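Report on one structure; see the data block that follows.
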2 protein chains.
Amino acid sequence: MAIPSTSIQGTLADQVFKKLQDDIVLGVLPPGSKLGETELATRYGVSRGPLREAIRRLEARKLVERAPHVGARVAQLSLQDLIEIYHVREALEGMAAKLAAQNMTDEAVKALYEVLAQHEQQQDIKEDVAYFQREGDLDFHYQVIHGSHNKSLIQMLIGDIYHMVRMYRYQFSTVTNRPQLALREHRQIVEAIEARDGEMAEWLMRRHIRRARENIERQHKAGIEPKVGHVKE
Amino acid sequence: MAIPSTSIQGTLADQVFKKLQDDIVLGVLPPGSKLGETELATRYGVSRGPLREAIRRLEARKLVERAPHVGARVAQLSLQDLIEIYHVREALEGMAAKLAAQNMTDEAVKALYEVLAQHEQQQDIKEDVAYFQREGDLDFHYQVIHGSHNKSLIQMLIGDIYHMVRMYRYQFSTVTNRPQLALREHRQIVEAIEARDGEMAEWLMRRHIRRARENIERQHKAGIEPKVGHVKE
DNA sequence: TTACTGCTCTTTGTCTACAAAACACATAGG
DNA sequence: CCTATGTGTTTTGTAGACAAAGAGCAGTAA
């Protein structure tokens, strides 16, 4: 009954994809750096075939930019791009909160309260830290999104946007994000969900994310610049 | 100064990707049918390499489903999935309308009115027909989305969701979609955008898409079933 | 000095061949 | 008669070799 060894970690292409994504998101491969196929293939110990597949998938996720016959580079992202993504998040997570109020099970709501309590204990928690660092069920936004029971929504927020935002956080100096206010806002959202008040939940979630965006825009105007990754030639 | 011949149509992988996507969206390859690499490679006259890349990109767009060591199949989509996508559209296009009211140029608003006038002349037009058949600037939703001036939003709606919805329309009997009402709703949206009333534009757009979804759900409950594509073995 | 042209060299795109995993069928056992 | 197991075939995954397009550099002419 033993599972074949290769299936445990998936195909080589899958492994390279995950590793490469991590290296990009965590800044090991700085933004704008060239992704030479031969170089990376030897680096990860695979042939160029699986590596090309990994690059294509990352291209679809907008983590790398590619030009035919020229090659791929780690996506270089402007603060304007980040702000645009927060508009998308506002729309999608707002909808997620609304649907969560409608569709979430009572057990899931209870679990949400527990996450909340846990966060309130670690008062030094930074806004979105959990969302960006823990990949699991322990995060607030993560649980609300899943509570929507909408596969497309989950896919877009967790699968696609998640990694982009994570990369941004390594490119730009991380904004210090109003921990107490965020916690209050989280609690309000959960209470709206528990009350099955979808409209309220959506409105609160949108305000929550809008405020985060406005916070970023403020710092932007204040002249905060991204840490420029030295483009590795 | 002649452009190299291969660059005109892009790489083989690009060509195969476009062709394969068309064949899937238009139903030439029915939902659920197996996408054998060798078979398709010979069919499109290329080797398996470029074909695999095309399949991976379609997988990222959720047009094909794949299992390791098993292969890829054309995505089989339930009506529930379609409804979920309309929730996403409601959120995203609502935001697009709001941003369009803020960012659209006066010229673009004028062009929008012209599209509207054109649609009002062909009274037999069906809701969303333009959105799904014309791929260009002539469509109402298309222009509003672009008016948002938000690259992520445009990418998600035009690049990703667009093709999925298009495929659904071939899988399911096309709903007859209230042409007169839709036109009235379109006009209201344009007027809100012209008045630079973002909140109103968003609210109207969301209602517009919500009604389309409710229309689908009604027909669903009435027992309308998808045309089952015979799964080609 | 500067701009253009041609060459070379590197990198990407593509193809073919081989390895490995899954599926299908047949056969034997309960 | 049904189930389980083993073998053969098919299909996917991976590697390596070849073809072609782009980038950089040198040399030459204005």
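Every chain is numbered from 1, with letters handed out A, B, ... down the list of sequences. Worth knowing before you read on, the calculation uses all heavy atoms, side chains too, and leaves out hydrogens, waters and symmetry mates. It should be emphasised that the depicted structure is a prediction, and the values quoted were computed from it without experimental measurement.
The one candidate from A:Glu84, A:Arg89, A:Glu90 that meets the side-chain contact (heavy atoms from CB on, under 4.5 Å) condition with A:Arg213 is A:Glu90.
Protein atom CZ of B:Arg57 is 13 Å distant from nucleotide atom C1' of C:dG13, rounded to whole Å. The CG-P distance, from B:Leu51 to C:dG13, rounds to 16 Å in whole Å.
Residues meeting the salt bridge (Lys or Arg N to Asp or Glu O under 4.0 Å) test with B:Glu37, sequence neighbours left out: B:Arg48, B:Arg52.
At least one side-chain heavy atom of A:Ile189 sits less than 4.5 Å from a side-chain heavy atom of A:Phe140.
Relative ring orientation between A:His186 and A:His141 is described as perpendicular, the plane-to-plane angle rising above 60° on a 0-90° scale split at 30° and 60°.
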Between protein and nucleotides 11-15 of chain D, what N or O pairs are separated by less than 3.5 Å?
residue	atom	partner	partner atom	Å
D:dT12	OP1	B:Lys34	NZ	3.2
D:dT12	OP2	B:Glu37	N	3.2
D:dG13	OP1	B:Arg66	NH1	3.2
D:dG13	OP1	B:His69	N	3.3
D:dG13	OP2	B:Arg52	NH1	2.8
D:dG13	OP2	B:Arg52	NH2	3.3
D:dG13	OP2	B:Arg56	NH2	3.4
D:dG13	N7	B:Arg48	NH2	2.7
D:dG13	O6	B:Arg48	NH1	3.0
D:dT14	OP1	A:Leu12	N	2.3
D:dA15	OP2	A:Ser47	N	2.7

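The pair A:Lys18-A:Asp14 does not count as a salt bridge, with every side-chain nitrogen at least 4.0 angstrom from each carboxylate oxygen.
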